[in-house]
Amino acid sequence: MPAEEFVAGWISGALGLVLGHPFDTVKVRLQTQTTYRGIVDCMVKTYRHESAYCLAPFDLIKVRLQNQTEPRAKPGSPPPRYRGPVHCAASIFQAEGPRGLFRGAWALTLRDTPTLGIYFVTYEWLCRQFTPDGQTPSSGTVLVAGGFAGITSWVAATPLDVIKSRMQMAGLKQRAYGGLLDCMVSSARQEGLGVFFRGLTINSARAFPVNAVTFLSYEHLLLSWG
């Protein structure tokens, strides 16, 4: 059922994206900015001063927009650097050239390639562990397996996620990294090895409900379409 699986995956992925985007915004800001005292402080300040919008399908545009901290529609406040995803893309292209739009792409590839395998293997293994032979996993099993699959994959992905976000913001901050390895070495030298797990808590808090809902939606849609 390729068509049914595609539609089910699309709908469940969209639900997961809607649920997880606020957490993703907080995660990116904690990884790239030092003005917040922690997760709660970042969430409160973001909610108080602005609305978080992510309309672009590209990860670089998303990260740049998420890092805008200028209050929206507030009299006397400075205008935001980017007026939206299209303006953001055009501004990056003008200031940083075509390569600027692909900043962090290698780190993104290295982050996602192995973690997708970890993600699905963990989900399938947990479902099999808690489901009797010949039976379909229950809703509770799917929720738990999906949630822990998300957390497991983010534990593996967070170090490169930190590097990806920093490389994507480097052009805006006029800071040039010599490449992925240089970004890793510079970050570790200045902030210690703990920097590579910055945002892991918020990643895990986001990963469990998002992936639980994603897999539950996917499995139920496939069952309903028979």
Original post:
In Å, rounded to the nearest 0.5 Å, how long is the span from CG of L116 to OG of S153?
Top reply: 8.0 Å
Original post:
side chain to side chain contact (heavy atoms under 4.5 Å, CB included) with L200: which of V162, V155, D161?
Top reply: V155
Donor-acceptor pairs under 3.5 Å, side chain of residues 130-145 to any protein atom, not counting sequence neighbours: which ones?
{"unit_1": "T131", "atom_1": "OG1", "unit_2": "C127", "atom_2": "O", "d": "2.6"}
{"unit_1": "S138", "atom_1": "OG", "unit_2": "T141", "atom_2": "N", "d": "3.2"}
{"unit_1": "S138", "atom_1": "OG", "unit_2": "T141", "atom_2": "OG1", "d": "3.0"}
{"unit_1": "S139", "atom_1": "OG", "unit_2": "H220", "atom_2": "NE2", "d": "3.0"}

Subject >> Over all atoms of both residues, closest heavy-atom pair of G178 and D182 >> reply: N-OD2, 2.7 Å
Original post:
Tell me, do R166 and R198 make a side-chain contact under 4.5 Å, heavy atoms counted?
Top reply: yes
**OP:** Looking only at non-hydrogen atoms, find the nearest pair between I151 and A207 and report the distance.
**Re:** N-CB, 3.8 Å
**OP:** Please lay out, stage by stage, how L180 and L110 fare under the test side-chain contact (heavy atoms from CB on, under 4.5 Å).
**Re:** CA-CA 10 Å; L180 188 146; L110 291 177; 3.8 Å; yes
Subject >> Single-linkage hydrophobic cluster, 4.5 Å side-chain cutoff, V86 and V63 together >> reply: no
**OP:** Identify the heavy atoms of M167 and G179 that sit nearest to each other, and give their distance.
**Re:** CE-C, 3.8 Å
Original post:
About how many Å separate CE of M169 and NZ of K164, when rounded to the nearest 0.5 Å?
Top reply: 11.0 Å
Under 3.5 Å, sequence neighbours excluded: what are the donor-acceptor pairs made by side chains of residues 87-94?
{"unit_1": "H87", "atom_1": "ND1", "unit_2": "R83", "atom_2": "N", "d": "3.0"}
{"unit_1": "H87", "atom_1": "NE2", "unit_2": "R83", "atom_2": "NH1", "d": "3.4"}
{"unit_1": "S91", "atom_1": "OG", "unit_2": "H87", "atom_2": "O", "d": "2.8"}

Original post:
Does any pair with a residue in residues 117-129 pass side chain to side chain donor-acceptor pair (under 3.5 Å), and if so which ones, sequence neighbours excluded?
Top reply: Y119-N211, Y123-E219
Original post:
Between V195 and G192, which heavy-atom pair has the shortest distance, and what is it?
Top reply: CG1-O, 3.0 Å
Original post:
Considering all heavy atoms of both residues, which atom of T158 and which atom of W154 are nearest to each other, and what is their separation?
Top reply: OG1-O, 2.6 Å
Subject >> Taking every non-hydrogen atom, the tightest pair across A156 and I118 >> reply: CB-CD1, 3.8 Å
**OP:** Please answer: with hydrophobic residues joined when any side-chain heavy atoms are less than 4.5 Å apart, are I163 and L181 in the same cluster?
**Re:** no
**OP:** Verify the neighbour count for atom CZ of F196: are there more than 12 heavy atoms of other residues, nucleotides or ligands below 6.0 Å?
**Re:** yes
